[in-house]
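Shown next, in structure tokens, is the structure this report addresses.
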Amino acid sequence: MSSILLIVLMVALMYFFMIRPQQKQQKKHQSMMSQLKPGDHVVTIGRLHGVVAEIDQQKRTVTLDCEGVYLVFDLGAIQRVEAQATEAPASATDAEAEAEPTAKADAEQSAEPEEAAPAEKATEDK
């Protein structure tokens, strides 16, 4: 009787420590794959980083843009999503308007060290 109880206990432990966590991980990966869309930054099982350009659900493939090189992978080759795609600005003028303050701030920062350098040289010459 005790040997049957021991076997049942071993099977239950094996289920809770091996099978159940793997099922949870598979469900999590499946939900991540169902939310995948073009523009997402992903990492493949081969550690290749790229941006999703196209998803073909019928063929179960994904096309990745890796700095201008387009590669086709099986959907199962996607290991994780690094960053979700963000929405693009509504128009090109909005994108330009957002870029201008950054360019002005960069120009102001680069101008400050140039102004400070001549003042230091003037004090050193005296």
Side-chain angles (χ1 to χ4, degrees):
M1 182 70 177
S2 65
S3 63
I4 294 174
L5 184 62
L6 184 61
I7 291 173
V8 170
L9 181 64
M10 292 292 282
V11 169
L13 286 173
M14 188 173 76
Y15 173 78
F16 282 109
F17 287 111
M18 294 175 65
I19 298 171
R20 190 162 182 253
Q22 186 176 7
Q23 287 175 343
K24 283 184 175 181
Q25 186 178 15
Q26 285 175 342
K27 285 180 184 179
K28 182 179 175 183
H29 188 263
Q30 188 64 32
S31 84
M32 178 189 67
M33 295 305 295
S34 67
Q35 296 174 357
L36 192 64
K37 60 188 174 298
D40 288 348
H41 294 266
V42 297
V43 179
T44 67
I45 56 176
R47 306 293 188 253
L48 179 76
H49 295 249
V51 178
V52 175
E54 179 183 348
I55 301 171
D56 187 351
Q57 292 293 344
Q58 292 175 340
K59 293 182 182 178
R60 308 245 338 121
T61 60
V62 61
T63 304
L64 297 183
D65 177 9
C66 302
E67 296 183 6
V69 178
Y70 291 88
L71 303 169
V72 179
F73 291 94
D74 288 339
L75 276 173
I78 304 299
Q79 182 180 31
R80 68 180 183 269
V81 177
E82 289 288 312
Q84 296 288 329
T86 57
E87 293 186 26
S91 66
T93 56
D94 291 341
E96 291 173 3
E98 289 177 6
E100 285 179 14
T102 311
K104 289 178 183 176
D106 291 341
E108 289 173 4
Q109 288 177 355
S110 64
E112 289 175 9
E114 292 173 5
E115 293 172 3
E120 289 175 7
K121 287 182 182 178
T123 57
E124 290 175 7
D125 291 339
K126 291 181 183 178

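At a threshold of 4.5 Å between side-chain heavy atoms, the hydrophobic network of Ile, Leu, Val, Met, Phe, Trp and Tyr places F73 and V81 in one connected group. Both V69 and V62 are part of a single hydrophobic cluster, where members link through side-chain heavy atoms under 4.5 Å apart. Taken together through direct or relayed side-chain contacts under 4.5 Å among Ile, Leu, Val, Met, Phe, Trp and Tyr, Y15 and I7 form parts of separate hydrophobic clusters.
Separation of atoms CD (Q30) and CD (Q25) is listed at 13.0 Å; rounding is to 0.5 Å. With rounding to the nearest 0.5 angstrom, the CG atom of L36 is 11.5 Å from the OG atom of S31. Considering CG of L71 and OG1 of T44, their distance stands at 9.0 Å, rounded to 0.5 Å. Atom CG in L48 sits 11.5 Å away from atom CD in Q79 (nearest 0.5 Å). From K37, atom NZ reaches atom CD1 of I55 across 9.0 Å, with rounding to the nearest 0.5 Å. Rounding to the nearest 0.5 Å places NE2 of H49 at 12.0 Å from NE2 of H41.
Of all heavy-atom pairs between P21 and F16, the closest is CD-O, 3.6 Å. Of all heavy-atom pairs spanning G50 and C66, the tightest one is CA-SG, 4.0 Å. What you find for L75 and M33 is that their closest heavy atoms are O-CE, 3.0 Å.
Within the 4.5 Å cutoff, the side chain of V52 has heavy atoms near those of the L64 side chain. Within the 4.5 Å cutoff, the side chain of T61 has heavy atoms near those of the D74 side chain.
Residue-environment remark: CD1 (I4) stays at or below the threshold of 12 foreign heavy atoms within 6.0 Å.
Panel note: side chain H29, backbone I78; a donor-acceptor pair is recorded below 3.5 Å.
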